[in-house]
Each structure stands twice: as C-alpha cells, then as structure tokens.
Amino acid sequence: MNNIFDKIREQIFNVVQNAFKACEQKGTLPHVQISDMSVEVPRERNFGDFSTNVAMQVSKQTKLPPRKTAELLSGEFDFTGTYIERTEIAGPGFINFYLSRDWLYDCVRIIQEKRERYGEVDLGKGMKVNVEFVSANPTGPLHMGNARGGALGDCLASVLKKAGYDVTKEFYINDAGNQIEKFGMSLEARYLQLVLGEDKVEFPEDGYHGEDIIEHAKAYFSQHGDSLMDKPSEERRRILVDYALPINIQRIRDILSAYGIEYDVWFSEKTLHDNGDVKRVVDYLTEKGYTLEKDGAIWLNGEKLGLEKDEVLIRNTGVPTYMAADIAYHYNKLVTRGFDLAIDLWGADHHGHVARMKAAITPFGLKKEQLEIVLFQLVRLFRNGELARMSKRTGKAIALEDLLEEVGRDAARFFFNLKSAGSHLDFDLDLAVKQSNDNPVFYVQYAHARICSMLRKLAEEGIRGKPVQEVDLTLLKEKEEIELMRKLSEYPEEIALSAKTLEPSRLTRYVMEVAAGFHSFYNACRVKGEEEELMMARLILVDCTRIVIRNILELIKIEAPEKM
RNA sequence: GUGCCAGUAGCUCAGCUGGAUAGAGCAACGGACUUCUAAUCCGUCGGUCGGGUGUUCGAAUCAUCUCUGGCACGCCA
C-alpha cells in the first residue's frame, strides 16, 4: 500500500457497505445500490478527517431523509481493524469520520520507505501516451505562447509518468508546407536584396519580416557569396531553406534545452509527405466516402463527420493542406506507432481545430477520446504594472530567450505552471525576479533550503536521524505537525488528480501549500535542542517534507537549492 | 452573425463530474527574531461567486437567457 488515501477510502467504503447490509437484514433499510459515494477530506477541520455523502446519495432509494439514513447506518458501524475512531452526522446528512492519528504516522512510514518514489500512483497502468507540445514553426524564434505550452507540456508529461503512464514527449517539426514556402521566399528576397541592393528587390508582403531572416541571408552570403544568383528561383529557395532550417531547429532545441525540456522524439512533418503517408490517408478517407470534390479540391466531408463545415485536404493545386498532414500525423501516432492516447497542447487560438481533428481520426477506427487537446490561453507580460510587449534587449517582441535571460528558468517554469491552462495568464516580470517574500518561487525554494540547513546544522553536532522503525512517531502531535503530515499525505492524490484532469498546475500550487505547512511548523516547533525522542520524530517529519518538496521541484524541473 | 473559452475579495487566481459557514497568495493594518535561515510566522480587514430564471433536499458548480472581455470562423497553420 503506497497511497494512504486509497486504504482509508477502502476502509470507509467497507464499513459503510457492511452497515447497509446489517440494516437490510434488520429490515430498517431496503436493499440499496451504492453509487457515487464520495470519501473526501472535508473543508473544515472540525468536520472530521474524512467525510462521505453516501446517506444523501441513496436518499431516493431509502426514501428516508439523509440524516435518518445516516443515523441507521451509524448504529451498525463496526470499526474493527480500521483507523476510524468515531463518526458524527452533520449538516444535511454527511457522515464525518474521525480517525486515529495512526494513519498519519503510517503515511510518514510510507514516505520514509518510498523516498523519491513516494507519490507514484498506478493510474495509467502502463498506457502508452504521446505528449506533443510547443511544435513551433521553425521559421522564427519561440514566443510566450511556446513558453507557456512548453512548461505545461513538460510538466504534464512528468506528472503522467509519475501516474504510471508510459510517456513519450514529442516535438512536431513543421518543416513542410506553406510556411516553409514563405520562409524560402523570405530568405530569397533578403538574399537578393543583399546582392542587388535593398531597393532593387521588393520584400513579399506576407513574408517573414523578422531580423533573423536577414541574418540567415547575410550568413549564407558571407559563406557562399553570390553563387545562388545563376540558379533558378526554386532551387535558390530550396538551398536557402536547407541552409537556414537546420540552424533554426537547432536553435529551438538549444533554447528548449536551456528551458529544461528534452524531447524523446523530434518528428518531421516532411517525412509524412515524402513517404506517401499524407496521400495514403487522404486516399483512404476518399475510399471510405469521407471526402468530396469541389472546385477542383478534395475536401473532408464535414457533414458526414458531424462538423460544421467541410475542410480542404488537397488544394486544387494538388498540394495537401496542414489539415491533411495533421491527420496523417495523428494516424502515425495512434495507429502506426500504437500510442493508446495522444495529447496535444495547443494555444487557444487553435480551438477551432479541435473538433475537426478529433472527428478526423474516427474513420480510422480510432475513438475521439484517444486524442486529447489541452488548450492554453495566451500570455500577457507585465512590467512596472504595464503591459510589456517588447524585449528590453532587442526592442522586439519578447522571445523565450529574452524571458529566460530576464527572469531565469526557475521563475519562468514556475509561473507558467501556477495557473490552470484555461485561464489567461498575466506574467509579472518584476515579481518573477524579486527576491522577496511575495515571490512564490523563492517561498518554496526557501523551505527546501531551510530544511537542508537544519539537517546540516544537526549533522555538525553529530546528530543524525534514526530509521523510522526506531522512532516514536506518536510524539508528533502539535497542531502544526499534524497539519504538515496531512498535507504530505495528499501528494499521491494530487498526482492522480493532476494526471486525470491534465492540469499539472495544481501540483505547483500544492507544493506551495507543503512549503507553507513546513514554514508554520518551523515557527511553532523546534527540532534541535529538543529532547532526544521528540527530536528524532521531528527529524523524520522534516526529512519527509524535504522528500516531497524536492520530489515536486524535480518533477517541474525547478532547482531545489540546499542553501539560499 | 455563429461557435469556443473566460467573468469568484482592491489585484492575481483556486474551488466547477452539484454538497456543510465560498478559499489562497499579494496588497492594507497589527504583532513575533539573545534560540535549527525573519526570503519566515501569527492575527485582522476584505465577497449580491457578472446579472436573471429554471432543475433539486441542496447551485460558484448543471440548464437556459442576458451582459462584458478574449479568441476562432481561409484552398493559413
């Protein structure tokens, strides 16, 4: 048993179920089917350690007021072999369970035994999951949307791993299609401007206007001179793209790596075109009657898939659209490579694509649920209380690179993981760099450093912890100690919930609560200088706290400093 | 115009598969360092959960209408 919550839920469920049976035998209650019985930690401490709503849930079946049902059940409760000491009926019919503190001490023992593996749950049961995130166009620098998506995706992948999923992290390189055409066009125009003079060559209106395009052209020119001038335009563009694209991709890899993100797979869109997958997928859809021809193009039949409108798959020029490639890509993930589930993180501006993408995989015998899209809202940066659009350094739109330089990796990752994906994020640049009490990053890191410092100080005096089996944990009974143990006990639950809801941000908020619990404990209780037995018990508790904080910081890839 | 997301304390946000008196941080105010790190802690103040109606034992949570903000509606991705 590594999740104390599961154990307690099981105990409470059994106690309740046996009570129902006893009532049924006595004839005081009819036979009931227990469904939707919740066992939760109540909001208020004086409502007990755990509480269930079962009496309310079955009120329709018992045809009795919930409180009455609760009373009848309570009369039959048998707590033998459980943590439960007593119960109370409260409110509209809640049954509140008051537990012996042994459950907390057992939890401490679990943490001591599991160490860095504490928090693992087997929700995924080895299910193969592909988490795809960032997947930025390799035609320019990474922006704030990529930064948020990166932090969320990376942490989600870590959480899913911890929850027992077999996770693959993936970056989809959009190295084919329209934007690459534009990239080539833009590079060519800059190159020609360089050779012929800026005013001699007009820059395409819908080209990429960024400084980086000019830099690529300059760099190529300085290495190869005007050798491209006697080549046909098409070849010239291809050569320039072949030159600049790998540089951009490498740059993206480097910045993401500095951001703490390492992918398992870098998947090239181009390979899907080159090996015929895109064509095959469209042909299959056509064969099965999911496409129609209109104006010389091949469209995905919206009506047949329950969509609002049709979508072009193959343009009348014969060139496939992004949609066609995306279908082939998801086919590749879910069929060719056999992932049970694909999770994509997209900026909220792509929400219109969600329904069609999920629908588009169904003709292949896949279920819509096998593709989960996590949408995240866009980011606004604030500096000096004002909307910050531009980088201090470059005067251009703020890139991930600029953000890392300004606030650092820890703050960036922490802040992007603080708010749920669905809420708009206002990122306070000043707060993120502030080394003070209102910066949550430091708050958590400080708790960890403080613990390490305590352990160091004790070690200097030759005091070291004992194995938990030799320690009397029942000495931990101060309010702050109890609260801290409770908080630590929730960790596996938090992992499970984060994984279920695909919301890694709750873990960031949770670790702040752990840190708060520790700081309160620290101010209320001493370790060093206390009587030996108590000191040893508290040492265990402090060590458990260190384990959990470090565990989570590692998971969200934020440094856990031993000194501050 | 249609669709999606959001609207909760002065600010930033949790809570949303219906549950008890709606929470946290920041800000404001008042306290706590001769003792393991005060980057900390303790306390006070702060709310018509955008508004209306409905569903029910019970609604911040579900339905519906409405207001406000963001986004999307392309042979772009």
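Hydrogens, waters and symmetry mates are skipped; everything else that's a heavy atom, side chains included, is used. So that the names make sense, note that chain A is the first sequence line, chain B the second, and so on, each numbered from 1. Note that this is a predicted model, so its numbers are computed, not measured.
- Of the candidate nucleotides B/U37, B/A20, B/U40, B/U40 has the atom lying nearest to any side-chain atom of A/Tyr443.
- The phosphate of B/A39 has OP1 or OP2 within less than 4.0 Å of a side-chain N or O from A/Tyr446.
- If you check every strand for non-hydrogen atoms under 4.0 Å, A/Arg43 touches sugar and phosphate atoms only.
- Remark: A/Glu308 CD is loosely packed, at most 12 non-hydrogen atoms of other residues, nucleotides or ligands lying under 6.0 Å away.
- Residue A/Lys419 has no polar side-chain atom (N or O) positioned under 4.0 Å from OP1 or OP2 of B/U12.
- Within 4.0 Å (heavy atoms only), A/Lys182 reaches no atom of the nucleic acid at all.
- If you check every strand for non-hydrogen atoms under 4.0 Å, A/Ala449 touches a base.
- Note: CE (A/Met512) to P (B/U12) measures 16 Å, nearest angstrom.
- When distances are taken from the side chain of A/Arg526 to each of B/A14, B/C41, B/C36, the shortest belongs to B/C36.
- Classified by interplanar angle (parallel below 30°, tilted 30° to 60°, perpendicular above 60°), the ring pair A/Tyr329/A/Phe267 is tilted.
- As judged by a 4.0 angstrom heavy-atom cut-off over every strand, A/Arg538 is placed among residues making no nucleic acid contact.
- Each of B/C41, B/U21, B/A39 was ranked by its minimum atom distance to the side chain of A/Phe47; first place goes to B/U21.
- B/A24 and B/C62 have their P atoms separated by 23 Å, with the value rounded to a whole Å.
- Looking at the side chain of A/Ser423, the nearest of the listed nucleotides B/C75, B/C13, B/A77 is B/C13.
- Checking B/G23, B/U40, B/U37 against the side-chain heavy atoms of A/Glu44 singles out B/G23 as nearest.
- Across A/Gln377, A/Arg148, A/His424, a single residue satisfies side-chain contact (heavy atoms from CB on, under 4.5 Å) together with A/Lys419, and that is A/Arg148.
- Residues A/Ser420 and A/Ser505 bring no donor and acceptor atom of their side chains to less than 3.5 Å of each other.
- With hydrogens and angles ignored, a donor-acceptor pair closer than 3.5 Å exists between the side chain of A/Asn316 and the base of B/C75.
- Atom-to-atom, CG of A/Asp428 to P of B/C13 comes out at 11 Å; the value is rounded to the nearest Å.
- Summarising the geometry, the separation between NE2 on A/His448 and P on B/U37 is reported as 15 Å, rounded to the nearest angstrom.
- Residues A/Trp346 and A/Met357 are in side-chain contact: their nearest non-hydrogen atoms beyond the backbone lie under 4.5 Å apart.
- For A/Phe442, counting side-chain heavy atoms from C-beta on, the closest listed nucleotide (B/U12, B/A39, B/A77) is B/A39.
- The nucleotide B/C62 finds its pairing partner in B/G54, both defining distances of the Watson-Crick or G-U wobble pair being shorter than 3.5 Å.
- Nearest-nucleotide positions on RNA chain B place A/Leu497 closer to the 5' end than the other of A/Leu497 and A/Met323.
- Each of A/Lys294, A/Lys304, A/Arg356 was compared with A/Glu311 under the salt bridge (Lys or Arg N to Asp or Glu O under 4.0 Å) criterion, and only A/Arg356 meets it.
- Using a 4.0 Å heavy-atom distance criterion, A/Gln445 is classed as making no nucleic acid contact.
- At least one side-chain heavy atom of A/Phe97 sits less than 4.5 Å from a side-chain heavy atom of A/Val16.
- A gap of 16 Å separates the P atoms of B/G74 and B/G3, to the nearest Å.
- When Watson-Crick and G-U wobble pairs are counted only if both distances are under 3.5 Å, B/C49 pairs with no nucleotide at all.
- Checked against B/C75, B/A39, B/C4, the side chain of A/Asp295 finds its nearest nucleotide in B/C75.
- For A/Met564, counting side-chain heavy atoms from C-beta on, the closest listed nucleotide (B/C76, B/C36, B/U37) is B/U37.
- Taking atom CG on A/Leu313 and atom P on B/C76, their separation rounds to 13 Å, with Å as the unit.
- Rounded to the nearest Å, the gap between the P atom of B/G23 and that of B/G46 is 14 Å.
- A sub-4.0 Å separation between OP1 or OP2 of B/A38 and a side-chain N or O of A/Tyr522 is present.
- Between the side chain of A/His351 and the base of B/C71 there is at least one donor-acceptor pair of N/O atoms closer than 3.5 Å.
- The aromatic rings of A/Trp266 and A/Phe171 sit parallel, their planes meeting at an angle under 30°, below the 60° perpendicular limit.
- Atoms NE2 (A/His424) and C1' (B/U68) sit 12 Å apart, rounded to a whole Å.
- Across the protein-nucleic acid pair, A/Phe427 atom CZ and B/C13 atom P stand 13 Å apart, rounded to whole Å.
- Contact of A/Asn96 with B/A20 (side chain to base): a donor-acceptor pair of N or O atoms is detected under 3.5 Å.
- B/A22 sits 11 Å from B/A14 when the C1' atoms are compared, rounded to a whole Å.
- Separation of the C1' atoms belonging to B/C45 and B/G31 is 15 Å when rounded to the nearest angstrom.
- If you check every strand for non-hydrogen atoms under 4.0 Å, A/Ser420 touches sugar and phosphate atoms only.
- Between A/Tyr443 and A/His519, the two ring planes are perpendicular [angle over 60°; tilted spans 30° to 60°].
- With rounding to whole Å, A/Glu308 atom CD is found 11 Å from B/G74 atom P.
- The shortest distance between the side-chain N/O atoms of A/Arg315 and the OP1/OP2 oxygens of B/G74 is not below 4.0 Å.
- No engagement by A/Pro66 is indicated, since no non-hydrogen atom pair under 4.0 Å with the nucleic acid exists.
- Residue A/His350 has its side chain nearest to B/A77 when only B/A77, B/C71, B/C36 are considered.
- With hydrogens and angles ignored, the 3.5 Å screen pairs no side-chain donor or acceptor of A/Tyr331 with any backbone N or O of A/Val278.
- Atom C1' of B/G15 sits at a distance of 14 Å from the matching atom of B/A59, rounded to the whole Å.
- Across all strands shown, B/C73 forms a Watson-Crick or G-U wobble pair, both distances under 3.5 Å, with B/G1.
- One interatomic measurement links the two molecules: CZ of A/Arg509 to P of B/C16, which rounds to 10 Å at whole-angstrom precision.
- Of the nucleotides present, none pairs with B/A9 by Watson-Crick or G-U wobble criteria with both distances under 3.5 Å.
- Between A/Asn523 and B/U40 there is no side-chain N or O to OP1 or OP2 distance below 4.0 Å.
- A 3.5 Å limit on both hydrogen-bonding distances identifies B/G43 as the Watson-Crick or G-U partner of B/C29.
- Using C1' as the reference atom, B/U21 and B/C49 are 15 Å apart when rounded to the nearest Å.
- Minimum atom distance to the side chain of A/Asn137 is reached by B/A77, of the listed B/C73, B/A77, B/A38.
- Residues A/Cys452 and A/Gly352 each lie close to RNA chain B; by heavy-atom proximity, the contact nearer the 5' end of the strand is made by A/Cys452.
- A gap of 14 Å separates the P atoms of B/C5 and B/C65, to the nearest Å.
- With a glycosidic angle more than 90° from 0, B/C62 adopts the anti conformation.
- Backbone-only engagement by A/Gly422 is indicated by non-hydrogen atom pairs under 4.0 Å involving sugar-phosphate atoms exclusively.
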